[in-house]
Q: 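Quick one: the structure is below, questions incoming.
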Amino acid sequence: MVSYGEVLILAGMLFLMGAVCAVAQRNLIMILIGVEIMLNAAGIALVGASLRWNALDGQAFVLFIMAFAAAEVAVGLALIVFAQRRTGSVNADRYSVLKG
Amino acid sequence: MVVYETIFYTLSAIILFSTLMAITRTNLVHAVVYLVLSFFGTAVLFYLLGAPLLAALEVIIYAGAIMVLFLFIIMTMRTQQPSGRTDEESAAILDGTAVATTPVQPSALSAQNRAYRRQWALPSLLGSVCLVAAGFVIFSTTDTRFQLMPAMASPVEFGWFLFKNYWFPVEIISFLLFVALVGALYLGKKEGKAHLDHGEGNQ
């Protein structure tokens, strides 16, 4: 049998991978991918909790996380395309001008 | 029950490995394709943990819609490699053979190599510390040693539950998706509109 703690450890490792990706990478798209990994890890923890307490609330919340991730990616990628059009770069280090 | 454990650990290994490969790639397309693999693994894990509808939605929304959106954007932009390196350079840096094999500007490459290492060292260190702390917290209580009983919530049951107890959040989420659509359209159109205004001003 799998214990609930093991599911939590898996979700925590995935979440930290996403966080490290968002912090260490300099590319805006990779930062957004890191955020996606973090949201997915939260989903795994919630599905595990749903099974642990035999309640469907966790699964309902994962559905909302998915919709939220879709909305976040749509706006985030539109922002990245917008910024790339203005500055010609997707490297976060290059954004050093407030009004250009 | 041994089968259940084996599937869980195999899936965990696949998910963790593909995510690790995804976050360390310098080529964006490779990263996204590894992440699709990771999301497929997560979908099977959701099924294993008793959420078949969420498993289907994970494949459709995460691995399908979101990752394809990423691929579209990467392929339409296609300006430069992340962090300004070419593929050969980043491959050499990843191998650690950059200094030995390239006679051209070895000092510049090794400086880049060092910058790359430093860029990853501190976040990885902090992440490991957080993970160790989380492990202590998780396994210090007996509550988390609870053995999960395999169960399955059918999509019909889940749908009834969702629209009985969470109908209002569903409406809010639909409104959020609408706002995101409007925001993305606005950001995508703004440049063209500014151009138009400029043209009118000239006349």
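Throughout, protein chains are lettered first and strands after them, A, B, ... in sequence-line order, and every chain is numbered starting at 1. Both backbone and side-chain heavy atoms feed into the values below; hydrogens, waters and symmetry mates do not.
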Q: Determine the option with the most heavy-atom pairs under 4.5 angstrom with chain B, choosing from A:Val2, A:Val73, A:Leu79, A:Leu16.
A: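 Most heavy-atom pairs under 4.5 Å with chain B: A:Val2.
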Q: Among A:Asn40, A:Val20, A:Ile9, A:Leu8, which residue has the highest count of heavy-atom pairs closer than 4.5 Å to chain B?
A: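 Of A:Asn40, A:Val20, A:Ile9, A:Leu8, A:Asn40 has the most heavy-atom pairs under 4.5 Å with chain B.
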Q: Using non-hydrogen atoms and a 4.5 Å limit, figure out which bit of B:Phe70 sits close to chain A: side chain, backbone, both or neither.
A: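 B:Phe70 touches chain A through backbone and side-chain heavy atoms alike.
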Q: Between A:Gln25 (side chain only) and A:Ala22 (backbone N and O only), is there a donor and an acceptor less than 3.5 Å apart?
A: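 Not at all, since once roles are kept as given, no pair shorter than 3.5 Å links the two residues.
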Q: Need one label for A:Asn54: side chain, backbone, both or neither, based on atoms under 4.5 Å from any heavy atom in chain B.
A: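 Only the side chain of A:Asn54 comes within 4.5 Å of chain B.
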Q: Report which part of B:Ala121 has an atom under 4.5 Å of a heavy atom belonging to chain A: side chain, backbone, both, or neither.
A: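 No part of B:Ala121 comes within 4.5 Å of chain A.
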Q: Quick check on the interface: out of A:Val75, A:Val7, A:Val47, who has the most heavy-atom pairs with chain B under 4.5 Å?
A: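 Highest number of heavy-atom pairs under 4.5 Å: A:Val47.
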Q: Heavy-atom distances under 4.5 Å only: say whether B:Val179 touches chain A with side chain, backbone, both or neither.
A: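 Answer is neither: B:Val179 stays 4.5 Å or more from chain A.
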Q: Answer with side chain, backbone, both or neither: which region of B:Phe178 has an atom nearer than 4.5 Å to a non-hydrogen atom of chain A?
A: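 Contact with chain A: none, neither part.
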Q: Report which part of B:Phe158 has an atom under 4.5 Å of a heavy atom belonging to chain A: side chain, backbone, both, or neither.
A: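 Answer is both: backbone and side chain atoms of B:Phe158 are under 4.5 Å from chain A.
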Q: If you count heavy-atom pairs under 4.5 Å between each of B:Leu177, B:Val2, B:Leu54 and chain A, which one has the most?
A: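 It is B:Leu54.
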Q: For A:Ala69, which atoms come within 4.5 Å of any heavy atom of chain B: side chain, backbone, both, or neither?
A: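 Looking at A:Ala69, backbone and side chain both touch chain B.
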Q: Who among A:Ala92, A:Gly5, A:Ala24 has the most heavy-atom pairs with chain B under 4.5 Å?
A: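 The candidate making the most pairs under 4.5 Å is A:Ala24.
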Q: Is it the side chain or the backbone of B:Phe161 that comes within 4.5 Å of chain A heavy atoms, both, or neither?
A: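 For B:Phe161, side-chain heavy atoms alone lie under 4.5 Å from chain A.
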Q: Under 4.5 Å from any heavy atom of chain A, what part of B:Leu69 do you find: side chain, backbone, both or neither?
A: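 Contact with chain A is through both the backbone and side chain of B:Leu69.
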Q: Taking side chain as everything from C-beta outward and backbone as N, CA, C, O, which of these in A:Leu32 sits under 4.5 Å from a heavy atom of chain B? Side chain, backbone, both or neither.
A: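 A:Leu32 touches chain B through backbone and side-chain heavy atoms alike.
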Q: Is it the side chain or the backbone of B:Ile173 that comes within 4.5 Å of chain A heavy atoms, both, or neither?
A: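 Contact with chain A is through the side chain of B:Ile173 alone.
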Q: Count the heavy-atom pairs under 4.5 Å between each of A:Val81, A:Ile29, A:Val23 and chain B, then report the option with the highest count.
A: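 Counting heavy-atom pairs under 4.5 Å, the top option is A:Ile29.
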Q: Can you tell which part of B:Leu20 gets under 4.5 Å to a heavy atom of chain A, answering side chain, backbone, both or neither?
A: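 Both parts, heavy atoms under 4.5 Å.
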Q: Examine whether an atom of B:Ala65 lies under 4.5 Å from a heavy atom of chain A, and if so say whether it belongs to the side chain, the backbone or both; otherwise answer neither.
A: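 Contact with chain A is absent: no heavy atom of B:Ala65 under 4.5 Å.
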